[in-house]
Amino acid sequence: MLIPKKVKHRKWHKGRARNKRVATTKTTVAFGSVGLKATTGAWVTSRQIEAARRAMTRAIKRGGKIWIRIFPDKPVTAKGSEMPMGKGKGAVDHYVAIVRPGTVMFEMAGTTEELARRALILAGHKLPVQTRIITRELE
């Protein structure tokens, strides 16, 4: 699973629901020929990214190349179950990547377009966002 080696601050603020705003970076296919683009916004956990990566790798039978364009660098804290109110903020539980609408999350090259599309559809099912498959030409 993806996890940052080091973070500047161990615990972050949650932030406001700003992932509804449209992405300004990572909006086009830059490395591969086919990409998976988010049409809605959400927090994507490192486990979900890993599940999508495995689904794609298995679908293309370990051929071709996959680029993961998102990285989970935001720590999410959780308090233990049956904890009373108060007593401060909980410990870091997992890490998430903030995905906004329009972000290209995965890219693929080195396989046929039909096989790449099938693999990206499988990966899209593992993610908490609605997705769309784009190619270099259809940006």
Side-chain angles (χ1 to χ4, degrees):
M1 284 193 310
L2 295 171
I3 189 167
K5 284 188 189 124
K6 181 178 156 189
V7 287
K8 186 172 184 180
H9 299 287
R10 191 166 51 103
K11 297 175 182 177
W12 288 12
H13 291 302
K14 189 173 288 188
R16 294 289 156 251
R18 292 195 181 115
N19 54 6
K20 289 179 175 63
R21 292 188 298 179
V22 180
T24 54
T25 59
K26 300 178 194 166
T27 55
T28 59
V29 177
F31 302 102
S33 56
V34 185
L36 189 68
K37 189 177 209 172
T39 56
T40 58
W43 285 358
V44 182
T45 67
S46 54
R47 286 170 169 249
Q48 290 164 341
I49 295 169
E50 178 63 14
R53 186 197 64 79
R54 282 184 181 181
M56 284 189 292
T57 306
R58 286 197 180 123
I60 60 174
K61 296 186 174 58
R62 294 187 10 220
K65 180 144 177 57
I66 296 170
W67 287 270
I68 302 171
R69 300 276 308 272
I70 55 175
F71 186 80
D73 61 345
K74 179 185 175 75
V76 176
T77 60
K79 292 178 83 169
S81 60
E82 298 186 22
M83 275 289 273
M85 296 295 280
K87 307 283 190 282
K89 193 173 173 86
V92 173
D93 186 48
H94 60 278
Y95 289 87
V96 297
I98 300 168
V99 174
R100 290 185 173 159
T103 304
V104 176
M105 298 179 290
F106 298 98
E107 292 183 25
M108 198 179 289
T111 61
T112 63
E113 190 175 331
E114 182 191 342
L115 189 61
R117 280 182 179 275
R118 201 165 339 129
L120 289 169
I121 287 168
L122 285 171
H125 291 309
K126 306 288 182 188
L127 301 168
V129 292
Q130 292 176 359
T131 57
R132 204 180 114 203
I133 295 165
I134 59 168
T135 59
R136 262 191 197 272
E137 302 86 47
L138 290 175
E139 294 164 1

Checklist entry - Taking ILVMFWY side chains as joined if any heavy atoms are under 4.5 angstrom apart, and letting links pass through other members, which residues group with Y95? => result I3, V7, V92

Next on the checklist: I'd like to check the side-chain hydrogen bond (donor to acceptor under 3.5 Å, both in side chains) partners of T45; sequence neighbours left out, ordered by chain and number.
Outcome noted: Q48

Item to check | side chain to side chain contact (heavy atoms under 4.5 Å, CB included) partners for A51, two or more places apart | outcome: K126

Checklist entry - With the 4.5 Å side-chain cut-off for hydrophobic clustering, are F71 and V99 part of the same group? => result yes

Next on the checklist: Could you go through L120 and M105, starting from their C-alpha distance and side-chain angles, then the distance that decides it, and tell me whether this counts as side chain to side chain contact (heavy atoms under 4.5 Å, CB included)?
Outcome noted: CA-CA 10 Å; L120 289 169; M105 298 179 290; over 6 Å; no

Checklist entry - Considering residues at least two apart in sequence or located in another chain, which fulfil the side chain to side chain contact (heavy atoms under 4.5 Å, CB included) criterion with A78? => result D93

Next on the checklist: Using the salt bridge (charged side-chain N to carboxylate O under 4.0 Å, His left out) criterion, which residues pair with R118? Sequence neighbours excluded.
Outcome noted: E114

Next on the checklist: To the closest 0.5 Å, what do you measure between CZ (R132) and OG1 (T39)?
Outcome noted: 8.0 Å

Next on the checklist: Taking F106 as the starting point, is it possible to reach L115 by hopping between hydrophobic residues whose side chains are less than 4.5 Å apart?
Outcome noted: yes

Next on the checklist: On a heavy-atom basis, which atom in V129 and which in G41 lie closest, and how many Å separate them?
Outcome noted: CG1-C, 4.0 Å

Checklist entry - Should V22 and R100 be marked as a side chain to side chain contact (heavy atoms under 4.5 Å, CB included) after you check the CA-CA gap, both sets of side-chain angles, and the distance that decides it? => result CA-CA 6 Å; V22 180; R100 290 185 173 159; over 6 Å; no

Checklist entry - Taking S33 for the side chain and M108 for the main chain, is one N or O donor matched with an acceptor at less than 3.5 Å? => result yes

Item to check | Sequence neighbours excluded, every pair satisfying side chain to side chain donor-acceptor pair (under 3.5 Å) that has a member inside residues 75-91 | outcome: none

Next on the checklist: With rounding to the nearest 0.5 angstrom, report the OG1 to NZ distance, T103 to K37.
Outcome noted: 8.5 Å

Checklist entry - salt bridge (Lys or Arg N to Asp or Glu O under 4.0 Å): which pairs involve residues 40-54, sequence neighbours left out? => result E50-R53, E50-R54

Next on the checklist: The criterion is side chain to side chain contact (heavy atoms under 4.5 Å, CB included); which residues satisfy it with L122, sequence neighbours excluded?
Outcome noted: A55, A59

Item to check | ILVMFWY cluster, W67 and I60 together (side-chain gap under 4.5 Å) | outcome: no

Item to check | Heavy-atom closest contact (G102 atom, A23 atom, distance) | outcome: C-CB, 4.1 Å

Next on the checklist: Let's go through K14 and W43 carefully: what are the C-alpha distance in whole Å and the side-chain angles of both, what is the deciding distance for side chain to side chain contact (heavy atoms under 4.5 Å, CB included) to 0.1 Å, and is it a yes or a no?
Outcome noted: CA-CA 11 Å; K14 189 173 288 188; W43 285 358; 3.7 Å; yes

Next on the checklist: Using only atom types and a distance under 3.5 Å, with no angle test, would you say the side chain of R136 pairs donor to acceptor with the backbone of G32?
Outcome noted: yes

Checklist entry - Of the non-hydrogen atoms in P101 and R21, which two are nearest, and what is the gap between them? => result CD-O, 3.3 Å

Item to check | Residue pairs, two or more places apart or on separate chains, that pass salt bridge (Lys or Arg N to Asp or Glu O under 4.0 Å) and touch residues 63-74 | outcome: R69-E107

Next on the checklist: Membership question, hydrophobic clusters at under 4.5 Å side-chain separation (ILVMFWY): are L127 and I121 in the same one?
Outcome noted: yes

Next on the checklist: Quick check: closest heavy atoms across A97 and I49, and the distance to 0.1 Å?
Outcome noted: CB-CD1, 4.4 Å

Next on the checklist: With heavy-atom distances below 4.5 Å as the criterion, would you say the side chains of P72 and V44 are in contact?
Outcome noted: no

Checklist entry - Quick one: are I133 and L36 in side-chain contact, heavy atoms under 4.5 Å? => result yes

